[in-house]
Number of protein chains: 2
Amino acid sequence: MNEQENKLKHTETSKSLPIAMLRAREAIMLSFRPVLAKHGFTEQQWRVLRVLGEKGPSDAGQVAFDACILAPSLSRILGKLEKDKYISRFIDANDGRRINLSLTTLGEEVLEKIVPETGIIYNSLQKSYGEEKLRVLLELLGEISQWKGR
Amino acid sequence: MNEQENKLKHTETSKSLPIAMLRAREAIMLSFRPVLAKHGFTEQQWRVLRVLGEKGPSDAGQVAFDACILAPSLSRILGKLEKDKYISRFIDANDGRRINLSLTTLGEEVLEKIVPETGIIYNSLQKSYGEEKLRVLLELLGEISQWKGR
DNA sequence: TTTATATAGTTAATATGTTAAGTTCTTTAG
DNA sequence: CTAAAGAACTTAACATATTAACTATATAAA
């Protein structure tokens, strides 16, 4: 590969990491979204429910980080999830700025109902793609996530 | 790992592929977005310009695929890019439904001005992460993109 | 203690994501 | 040739993404 080609490499969309991640993610979400939609949830709402189910009650900042959702988006999502009674939010006793969140019984119920359905899809992916490859991919993505930029 | 743990594995957000890709992508975009913003572009607008620069004039459907943007979003983005004179769009002579797109001279100029700046960032990532790892990651993501779902 | 600064969330404004419906043009069945 | 079906793009409606400004509380400095 000559100098010119190397300089332009990252401009090729097929070799652009952000676009590659977007494409790959989209291929997967194409299967997941209909399942969530059937139950009336968006992927973001679903991430919030899963995070709360996995780590138990947390404050909004923690959920925002875990679900990879920015604070302004989370605020609106929480408003809807609370209105629909999937979660409850209350001010922290020790820090009046902090909002604690937890699943309601209804929230736990839908979580347990939907998880098996998404599990079927994920298992199918794992089967056709390979468990080891999947492990490597998660590892590599995890390292990218650590990048502090420049 | 027992049966119960295995069943819940994909529910752990740290091992969820869609979330892992989201996180990794965000880590990278955190560095890229300010550069694009400095020039007044969003990442989606930038993807459209890059795709047109890389493959030359294309119809809207092709650009939508290449830039990984859904048609409705692309319509709005094209409206803005055209208004700002970065691209031109005209109806295909052989198929009245199809819209052909191409960069204007101004579009080519901004592309050539910004690409080197993003290149610096990408090279930094490549250096700290490793060229070989990056290649493997792109390969694995490419395979995921092929997945037809189930 | 009073002021300054920082933190956690929310609200606002603009852009994009997502699904459904609508338009216009093409192709195909009859 | 004509009506039906399909394709490419646009518009609409609602949800989320992004950045900035704002509110309330908490902590640190003077």
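What you see is a predicted model, and the numbers here were worked out from it, not measured in a lab. Chain letters run A, B, ... following the sequence lines, proteins first, then strands; residues in each count from 1.
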| Any side-chain donor paired with an acceptor under 3.5 Å for B:Asp92 and B:Asn100? | yes
Those residues at least two apart in sequence (or on a different chain) that pass side-chain contact (heavy atoms from CB on, under 4.5 Å) with B:Ser75 are none
Just the atom pairs and distances: protein N or O near nucleotides 14-18 of chain C's N or O, under 3.5 Å.
from   : atom 1 : to      : atom 2 : distance (Å)
C:dT16 : OP1    : B:Thr42 : OG1    : 3.0
C:dT16 : OP1    : B:Gln45 : NE2    : 3.1
C:dT16 : O3'    : B:Gln44 : NE2    : 2.9
C:dG17 : OP2    : B:Ser73 : OG     : 2.9
C:dG17 : N7     : B:Arg76 : NH2    : 2.8
C:dG17 : O6     : B:Arg76 : NH1    : 3.0
C:dT18 : OP1    : A:Arg33 : NH1    : 2.8

Between CZ of A:Phe65 and P of C:dT7 the distance, given in whole Å, is 17 Å
Here the gap from A:Gln44 atom CD to B:Leu22 atom CG, rounded to the nearest 0.5 Å, amounts to 8.5 Å
D:dT10 phosphate, OP1 or OP2: any side-chain N/O from B:Arg89 under 4.0 angstrom?
yes
Got A:Tyr86 and A:Phe41 here, is their nearest side-chain heavy-atom distance under 4.5 Å?
yes
Correct closest heavy-atom pair for B:Leu36 and B:Glu43 would be CD1-CA, 3.8 Å
Separation between NZ (A:Lys133) and CD1 (B:Ile144), nearest 0.5 Å, reads 8.5 Å
Contacts of A:Asn100 and A:Leu30 projected onto DNA chain C by closest heavy atom; the upstream (5') one is A:Asn100
To the nearest angstrom, the CG-C1' distance between A:Leu78 and C:dT10 comes to 11 Å
In whole angstroms, the gap separating P of D:dT19 from CZ of B:Phe41 amounts to 16 Å
*Regarding B:Ser88 and B:Ser102, is there a side-chain donor-to-acceptor distance under 3.5 Å anywhere?*
yes
When the rotation axes relating C1' atoms of four end pairs to the next four are compared across the helix from C:dT1-D:dA30 to C:dG30-D:dC1, five pairs an end, they differ to 10° by 10°
Contacts of A:Glu26 meeting salt bridge (charged side-chain N to carboxylate O under 4.0 Å, His left out) (sequence neighbours excluded), chain-then-number -> A:Arg33
Atom CZ of A:Arg98 and atom C1' of C:dT7 are separated, to the nearest Å, by 8 Å
Here the distance between atom P of D:dA15 and atom CG of A:Asp84, to the nearest Å, is 10 Å
- Under 4.0 angstrom, heavy atoms only, what part of the nucleic acid is B:Ala60 near: base, sugar-phosphate, or nothing? sugar-phosphate
Table of protein N/O atoms under 3.5 Å from nucleotides 25-29 of chain D N/O atoms:
from   : atom 1 : to      : atom 2 : distance (Å)
D:dT25 : O3'    : A:Gly96 : N      : 3.3
D:dA26 : OP1    : A:Gly96 : N      : 2.7
D:dA26 : O4'    : A:Arg97 : NE     : 3.4

B:Glu82 atom CD is separated from D:dT10 atom P, nearest whole Å, by 9 Å
Separation of C:dT7 atom P from A:Asp59 atom CG, nearest Å, is 15 Å
Separation of C:dT26 atom P from B:Ile99 atom CD1, nearest Å, is 11 Å
Please check: side-chain N/O of B:Gln45 versus main-chain N/O of B:Thr42, any donor-acceptor pairing under 3.5 Å?
yes
Output for pair (A:Leu81 CG, A:Leu106 CG), nearest 0.5 Å, gives 10.5 Å
Contacts of B:Glu82 meeting side-chain contact (heavy atoms from CB on, under 4.5 Å) (sequence neighbours excluded), chain-then-number -> B:Ile87, B:Arg89
